[in-house]
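Everything numeric here is computed off the predicted structure, so don't read it as measured data.
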Amino acid sequence: FLTLAVGAEQAPKYEFRAAWIATVLRLDWPSSSTVSSQQSQLIGILDKMRAANFNAAILQIRPACDAFYDSDIEPWSNWLTGTEGKAPDPFYDPLEFAVEEAHKRGIELHAWFNPYRAKKGSTSGVSSEHVFIKHPDWILTVGGKGRQKSIVPLDELGTEQSKEADYILDPGKAVVREYVLGVIMDVVNRYDIDGVHMDDYFYPYSGITTEDQATFNEENRGFTDIGNWRRDNVNLLVKAIYDSIKTVKPWVKFGMSPFGIWKSDTPPGIVGTSSYSAIYCDPIAWLNGQYIDYLTPQLYWPFGGEQDYGTLMPWWAGQTKKNNRHLYTCL
């Protein structure tokens, strides 16, 4: 869940009271491949949100280079219909349905994209239309070799990140950044969404070493440090998304939900995984560049200890305030 963090000196004119609806692994929705069940279940979720005075839903529509909407670019998700590439039968467009039902209830619909994940789990049953098959040269196989010793983020099932291999689009390739941008802007242009949202799945938590060395050699843009280059790869995509959204639909918001620790010992006393160096995610650069509208850092920790919510939340609030961006902390 997301709540608004504001200074005590001034009450907000509006609040952003939102919840995620995760579709990867059918975590939250849908529980069935049957269209009537999917529709009734989503209506039930939105009805409960409305009754609880939520005003925004963040619906995951692209969990792994697949689609929970009618796309000419990527195949229908197997988590929607049970078979990747198979359309709902009888046909409907889940995103169009979700937008309409959310708006009926005064709820904003933010489309949640995973930018780089190509496959999660088994690679069997992959559609011939999936980027995994169409562009194998865009895929990095990473992970499966342990992780840094520190606070371990949770995956979508609420358990520690898997040590199995991850398959991701290579963020260092310009053609990949253009592809991801095209996927997102296709949705922005065709659907009446209120926001575009991405979470903390950039470079994988499971670790990356030399898997992208060839891309670095070919497309380093003058960088000599591969870490700085990786962060810039992500920053280039984030900025391109923001600029493109504001060009065509300036009222559509762009929000990012990074891991809750930017760097270990920032602010002083905080200890844990540094998103800056572990997954090459630099939300401070996004704030300083002012190419996001809101930030929702994942602060899933209690007060006190090495990941003290009471220390982290005010620090993030200060970073967003000085850049005139909105902060919604995740609880």
Flag the pair Asn323 / Asn288 as yes when at least one side-chain heavy-atom distance between them is below 4.5 Å, and no otherwise.
yes
Between Cys330 and Leu299, is any pair of side-chain heavy atoms under 4.5 Å apart?
no
Is the number of heavy atoms from other residues, nucleotides or ligands within 6.0 Å of NZ (Lys239) greater than 12?
no
Would Glu101 and Arg105 satisfy side-chain contact (heavy atoms from CB on, under 4.5 Å), going step by step from the backbone distance to the final call?
CA-CA 7 Å; Glu101 293 298 327; Arg105 293 160 177 79; 2.8 Å; yes
Determine whether Asp166 and Val142 make a side-chain contact, defined as any pair of heavy atoms from C-beta on separated by less than 4.5 Å.
yes
Backbone of Gly182 reached by a side-chain donor or acceptor of Asp186 within 3.5 Å
no
Member of Ile241, Asp243, Val248, Thr247 meeting the side chain to side chain contact (heavy atoms under 4.5 Å, CB included) criterion with Ile245:
Ile241
If we ignore angles and hydrogens, is there a donor and acceptor under 3.5 Å between the side chains of Asp170 and Thr215?
yes
Would you please test Trp112 and Phe68 for side-chain contact (heavy atoms from CB on, under 4.5 Å) and show each step?
CA-CA 11 Å; Trp112 170 12; Phe68 273 74; over 6 Å; no
Establish, from distance only, whether the side-chain atoms of Arg230 and Asn233 form a donor-acceptor pair under 3.5 Å.
no
Parallel, tilted or perpendicular: which fits the ring planes of Tyr191 and Tyr69, with parallel below 30° and perpendicular above 60°?
perpendicular
Consider only side-chain N and O atoms of Tyr205 and Asp200, and report whether a donor and an acceptor are under 3.5 Å apart.
yes
d(Gln319 CD, Leu295 CG) to nearest 0.5 Å is 10.0 Å
Between atom CD1 of Ile43 and atom CG of Asp47, what is the distance when rounded to the nearest 0.5 Å?
7.0 Å
If you count every heavy atom of other residues, nucleotides or ligands that lies below 6.0 Å from Lys246 atom NZ, does the total exceed 12?
yes
Side chains of Ser71 and Arg190: any donor to acceptor distance under 3.5 Å?
no
Please report the interatomic distance CG(Asp192) to CG(Leu95), rounded to the nearest 0.5 Å.
10.0 Å
Please identify which of these residues, Trp316, Tyr309, Tyr300, meets the side chain to side chain donor-acceptor pair (under 3.5 Å) condition with Thr329.
Tyr309
Is Asn217 atom CG crowded by more than 12 heavy atoms from other residues, nucleotides or ligands, each under 6.0 Å away?
yes
Could you give me the CA-CA distance, side-chain angles and deciding distance for Ser77 and Asp66, then say whether side chain to side chain donor-acceptor pair (under 3.5 Å) is met?
CA-CA 5 Å; Ser77 176; Asp66 51 2; 2.9 Å; yes
Counting C-beta onward and ignoring hydrogens, is there a side-chain heavy-atom pair between Phe223 and Phe216 closer than 4.5 Å?
yes
Check the pair Tyr179, Glu74 against side chain to side chain donor-acceptor pair (under 3.5 Å), reporting the backbone distance first and the verdict last.
CA-CA 11 Å; Tyr179 175 78; Glu74 297 186 316; 2.7 Å; yes
Verify the distance criterion only: is there a donor paired with an acceptor across the side chains of Tyr280 and Asp232 at less than 3.5 Å?
no
Verdict with supporting geometry, Trp286 and Asn235, side chain to side chain donor-acceptor pair (under 3.5 Å)
CA-CA 7 Å; Trp286 311 336; Asn235 295 347; 3.0 Å; yes
Residues Lys253, Glu108: salt bridge by 4.0 Å N-O rule:
yes
Among Val131, Val175, Asn114, which one satisfies side chain to side chain contact (heavy atoms under 4.5 Å, CB included) with Leu169?
Val131
Return yes if some donor-acceptor pair links the side-chain N/O of Asp89 with the main-chain N/O of Phe91 below 3.5 Å, else return no.
no
Non-hydrogen side-chain atoms of Glu211 and Thr141 separated by less than 4.5 Å
no
Indicate whether the side chain of Ser32 and that of Gln38 have a donor and an acceptor atom separated by less than 3.5 Å.
no
Rounded to the nearest 0.5 Å, how far apart are CD1 of Ile73 and CD of Glu129?
12.0 Å
Heavy-atom side-chain proximity of Trp79 to Arg26 below 4.5 angstrom:
yes
Parallel under 30°, tilted from 30 to 60°, perpendicular over 60°: which one fits the rings of Trp301 and Phe259?
perpendicular
Working note: Thr273 + Ser264, criterion side-chain contact (heavy atoms from CB on, under 4.5 Å); need CA distance, chi angles, decisive distance, verdict.
CA-CA 6 Å; Thr273 299; Ser264 197; over 6 Å; no
Does Arg117 count as lying over the ring of Tyr201, i.e. NZ or CZ under 6.0 Å from the six-ring centre, within 45 degrees of the axis?
yes
Can you tell if the side chain of Val238 reaches within under 4.5 Å of the side chain of Val234, non-hydrogen atoms only?
yes
Side chains of Trp251 and Asp194: do they bring a donor and an acceptor to under 3.5 Å?
no
Test item: Trp315 and Trp262 side chains (from C-beta on) under 4.5 Å apart, heavy atoms
yes
Where do Lys119 and Glu84 land on the salt bridge (Lys or Arg N to Asp or Glu O under 4.0 Å) test, with the steps shown first?
CA-CA 12 Å; Lys119 293 303 297 180; Glu84 189 172 273; 2.9 Å; yes
Per the ring pair (Phe, Tyr, Trp, His ring centres under 6.0 Å) rule, which among Phe16, Trp20, Phe54, Tyr328 passes with His110?
Phe16
